[in-house]
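Since the structure comes first, as structure tokens, the remarks are kept for the end.
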Amino acid sequence: MNETLAFRGPVTRWQGEKATYHLLTIDGAAAEAIAMHERIRRFELGGRRGFGSVKVMATVGGTRWKTSVFPSKTGEWWLLVGKKVLKAEDLVAGDEAALTLELL
């Protein structure tokens, strides 16, 4: 059975060398639950996924998509939010977003 987490946080804009990204930073109890899920999966599979990522089914508002969350060096996790999601949910950097993650 897959674990489901709920989280609220601001949409952050990050300017990379080649592109602009929008993301949600997941911290606190939700981040701890994702980290534990990743450790269990690594133990079961004998290795980790690329960048230590965890597969998820993400839902923001009425938009649902399959993606991955990525660990930061500070213990937080990042979910990249694409332009299609931002447009569909009328979100811009600084807006608060409600997120549901189903850990796969």
From [X] [atom1] over to [Y] [atom2], what is the distance, rounded to the nearest 0.5 angstrom?
| X | Y | atom1 | atom2 | value |
| --- | --- | --- | --- | --- |
| Phe7 | Leu24 | CZ | CG | 7.5 Å |
| Ile26 | Leu99 | CD1 | CG | 5.5 Å |
| Trp14 | Thr25 | CH2 | OG1 | 12.0 Å |
| Leu101 | Asn2 | CG | CG | 12.0 Å |
| Asp90 | Asp95 | CG | CG | 7.5 Å |

Salt bridge (Lys or Arg N to Asp or Glu O under 4.0 Å) between Glu44 and Arg41, intermediate numbers included: CA-CA 5 Å; Glu44 289 173 344; Arg41 288 286 188 210; 3.2 Å; yes
Shortest non-hydrogen contact from [X] to [Y]?
| X | Y | result |
| --- | --- | --- |
| Ala58 | Thr67 | CB-CG2, 4.2 Å |
| Ala33 | Leu103 | O-CD1, 4.2 Å |
| Gly52 | Pro71 | O-CD, 3.6 Å |
| Ala30 | Leu5 | O-CD1, 3.7 Å |
| Pro10 | Gly94 | CB-O, 4.3 Å |
| Trp65 | Leu80 | CZ2-O, 4.0 Å |

Selection residues 29-64 - residue pairs positive for ring pair (Phe, Tyr, Trp, His ring centres under 6.0 Å), sequence neighbours left out: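 For residues 29-64, and leaving out neighbouring residues, there are no ring pair (Phe, Tyr, Trp, His ring centres under 6.0 Å) pairs at all.
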Sub-6.0 Å ring centroid separation between Trp78 and Phe70: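 Here the rings of Phe70 and Trp78 have centres that are no less than 6.0 Å from each other.
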Side-chain heavy-atom pair His22, Leu91 within 4.5 angstrom cut-off: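 Side-chain contact under 4.5 Å: no.
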Check: Gly62 main-chain N/O paired with Glu89 side-chain donor or acceptor under 3.5 Å: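 Yes: the side chain of Glu89 pairs with the backbone of Gly62.
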Derivation and outcome, side chain to side chain contact (heavy atoms under 4.5 Å, CB included), residues Val11 and Val81: CA-CA 8 Å; Val11 175; Val81 181; 5.5 Å; no
With Arg64 via side-chain contact (heavy atoms from CB on, under 4.5 Å) - residues at least two apart: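 Arg64: side-chain contact (heavy atoms from CB on, under 4.5 Å) contacts with Met57, Thr59, Glu102.
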